[in-house]
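Structure first, then comments.
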Protein chains: 2
Amino acid sequence: MFSIGDLSKRTAVKIPTIRYYEEMGLLSAPERTEGNQRRYDAAGLERLSFIKHARDLGFSIEAISELIELQCHPDRSCQAATDIAISQLSEVRAKIKRLRSLEKELVRISKGCDGDGVSEDCYVLASLADHKLCNHEH
Amino acid sequence: MFSIGDLSKRTAVKIPTIRYYEEMGLLSAPERTEGNQRRYDAAGLERLSFIKHARDLGFSIEAISELIELQCHPDRSCQAATDIAISQLSEVRAKIKRLRSLEKELVRISKGCDGDGVSEDCYVLASLADHKLCNHEH
DNA sequence: CTTGAACCTCTAGCCACTAGAGAAACTACA
DNA sequence: TGTAGTTTCTCTAGTGGCTAGAGGTTCAAG
């Protein structure tokens with residue numbers, strides 16, 4: 001049996017976060033000692049590891065709820081789970097795309113002031129003030 | 001003179017957001033009509049455009065505050081502004097890096113179930129449950 | 001002068017936590 | 001068994017950057 005602190009150390013999930021997951025219904029409420037402290041079994045530890053891993057991969061609490069639902073109904077769960085993963089993947093790709101265009105823009109802006117005669121006004125500030133100086137839309 | 005609605009249409013910043021920026025000190029409080037409604041001048045519009053553009057590039061409210069500070073002290077502001085832009089750039093790059101490793105992992109996970117014999121247990125769920133199935137750290 | 005759109009302030013909610021207060025319960029050692 | 005020190009409990013409030021809604025006032029057009 002693990003205390004909440006044990007669980008926290010083993011999974012690197014902070015204690016208040018574990019309680020939060022319980023409140024959100026991701027973790028089922030564990031047994032308690034006579035003094036009302038949580039005591040987890042191996043299944044609880046496994047479940048929390050699952051949640052942690054999914055969160056690290058950027059799945060929302062809601063998506064994780066669905067995945068946990070699916071774990072409980074192993075028949076036909078695979079396609080549904082794959083769908084969730086794929087939709088997460090496409091979100092990640094969209095974010096990367098957007099960030100790459102921001103990266104380009106920021107590189108351009110940051111370089112403006114290093115040149116010689118350019119910066120009698122600050123190029124960074126000018127670029128931010130005037131959208132026309134941008135090469136891309138964003 | 002522009003009403004808050006005019007400003008909102010011209011900058012594509014929603015009205016409550018404009019008021020929020022004022023509350024946060026990014027926008028200085030504009031004049032008011034006798035009936036207490038905000039009326040902005042061209043400078044207000046310009047300032048809001050600046051903020052919008054910077055937010056689109058992912059600068060935090062705090063960073064934008066600093067940039068606005070710098071605008072008010074044009075001497076030696078350029079290097080400081082460039083520093084802020086560069087630090088924003090490195091944050092963006094860090095995010096991209098992380099997202100790319102998530103992307104790889106998600107591609108791998110999502111493909112698991114499409115094969116032939118692999119998925120007697122759902123590979124997506126198994127991968128999330130067992131970190132050892134990962135190729136990379138994250 | 002009236003109608004309807006736009007505006008005002010204020011409060012509360014979103015996500016996924018994080019921090020802190022004040023009290024109770026464990027654990028280790030004497 | 002006593003006690004000191006750590007851990008845990010619940011509860012409330014705060015984070016960032018907005019967004020939504022209630023209930024009331026003011027503006028602009030006809």
Side-chain angles (χ1 to χ4, degrees), chain A residues 1-27 29-41 44-45 47-48 50-68 87-88 91-92 95 98 102, chain B residues 1-27 29-40 44-45 47-48 50-68 84 87-88 91-92 95 98 102:
Chain A
M1 293 300 244
F2 312 106
S3 71
I4 196 168
D6 293 338
L7 232 66
S8 172
K9 268 167 221 147
R10 280 160 188 269
T11 58
V13 174
K14 289 183 186 154
I15 290 174
T17 306
I18 296 173
R19 292 197 276 248
Y20 171 76
Y21 289 159
E22 182 182 326
E23 205 188 352
M24 292 298 99
L26 295 187
L27 285 171
E31 288 177 49
R32 301 274 185 143
T33 62
E34 286 196 9
N36 199 34
Q37 300 194 354
R38 291 167 178 84
R39 285 301 114 102
Y40 297 88
D41 56 14
L45 175 58
R47 166 71 64 87
L48 182 56
F50 176 94
I51 294 168
K52 165 80 161 113
H53 193 183
R55 284 295 299 137
D56 284 348
L57 287 168
F59 288 86
S60 69
I61 298 287
E62 209 196 327
I64 296 171
S65 276
E66 287 173 52
L67 289 169
I68 288 172
S87 117
Q88 176 63 18
E91 270 173 50
V92 165
K95 277 184 198 163
R98 174 166 161 70
L102 299 191
Chain B
M1 295 298 245
F2 312 107
S3 72
I4 197 168
D6 293 337
L7 232 66
S8 172
K9 267 167 222 148
R10 279 160 189 268
T11 58
V13 175
K14 288 185 185 154
I15 289 173
T17 306
I18 297 173
R19 292 197 275 246
Y20 171 76
Y21 289 159
E22 183 183 326
E23 203 188 354
M24 293 297 100
L26 295 188
L27 284 172
E31 290 176 47
R32 301 274 185 143
T33 62
E34 288 197 7
N36 199 34
Q37 300 195 355
R38 291 168 179 83
R39 285 301 115 101
Y40 297 89
L45 175 59
R47 167 70 64 88
L48 183 57
F50 177 94
I51 296 168
K52 165 78 159 112
H53 194 183
R55 283 295 301 136
D56 284 348
L57 286 167
F59 287 86
S60 70
I61 297 287
E62 209 196 327
I64 295 172
S65 276
E66 288 174 50
L67 289 169
I68 287 171
I84 294 174
S87 119
Q88 175 63 18
E91 270 173 51
V92 165
K95 276 185 200 161
R98 175 166 160 69
L102 300 191

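Hydrogens, waters and symmetry mates play no part in the numbers below; they use all other heavy atoms, side chains included. Per chain, numbering begins at 1; letters A, B, ... match sequence-line order.
- For the pair B:Tyr20 OH and D:dG16 P, the computed distance is 7 Å after rounding to whole Å.
- Going from atom CZ of A:Phe2 over to atom P of D:dT8 covers 13 Å, rounded to whole Å.
- With rounding to the nearest 0.5 Å, the separation of CG in A:Leu45 from OG1 in A:Thr11 is 7.0 Å.
- The CD atom of A:Glu31 sits 11.5 Å away from the OH atom of A:Tyr40 when rounded to the nearest 0.5 Å.
- Distances shown here put a side-chain N or O of B:Thr17 below 4.0 Å from the OP1 or OP2 atom of D:dT19.
- Here the P atom of nucleotide D:dG16 and the CE atom of B:Met24 are 9 Å apart, to the nearest Å.
- Distance, A:Arg38 CZ to C:dA25 P: 15 Å, rounded to whole Å.
- We find that CG of A:Leu7 is positioned 16 Å from C1' of D:dC9, with the value rounded to whole Å.
- Separating the CZ atom of A:Arg19 from the P atom of D:dC9 is a distance of 5 Å, rounded to the nearest angstrom.
- The phosphate of C:dC17 (OP1 or OP2) has a side-chain N or O of A:Tyr21 nearer than 4.0 angstrom.
- With D:dC9, D:dG17, C:dC8 as the choices, the nucleotide that has an atom nearest any side-chain atom of A:Ile4 turns out to be D:dC9.
- In this structure, the CD1 atom of A:Ile15 is 15 Å from the P atom of D:dT6, given to the nearest Å.
- Applying the side chain to side chain contact (heavy atoms under 4.5 Å, CB included) test to B:Arg19 and every residue at least two apart in sequence or in another chain returns B:Ile4, B:Ile15, B:Arg38.
- The separation between B:Glu34 atom CD and D:dC27 atom C1' is 12 Å, rounded to whole Å.
- A sub-4.0 Å separation between OP1 or OP2 of C:dC26 and a side-chain N or O of A:Arg32 is absent.
- By the 4.5 Å heavy-atom criterion applied to side chains, B:Tyr21 and B:Val13 are counted as neighbours.
- A close approach under 4.0 Å does occur between a side-chain nitrogen or oxygen of A:Ser3 and OP1 or OP2 of D:dT8.
- Taking only side-chain atoms of B:Gln37, from C-beta outward, the nucleotide of D:dT19, D:dT26, C:dT18 with the closest atom is D:dT26.
- Of the candidates C:dA16, D:dC9, D:dT26, D:dC9 carries the atom nearest the A:Asn36 side chain, counting heavy atoms from C-beta on.
- Note that the OG atom of A:Ser60 and the CZ atom of A:Arg55 stand 7.5 Å from one another [nearest 0.5 Å].
- Map A:Lys14 and A:Thr33 each onto its nearest nucleotide of DNA chain C; the residue landing nearer the 5' end is A:Lys14.
- Nearest-nucleotide positions on DNA chain D for B:Arg39 and B:Arg55 put B:Arg55 closer to the 5' end.
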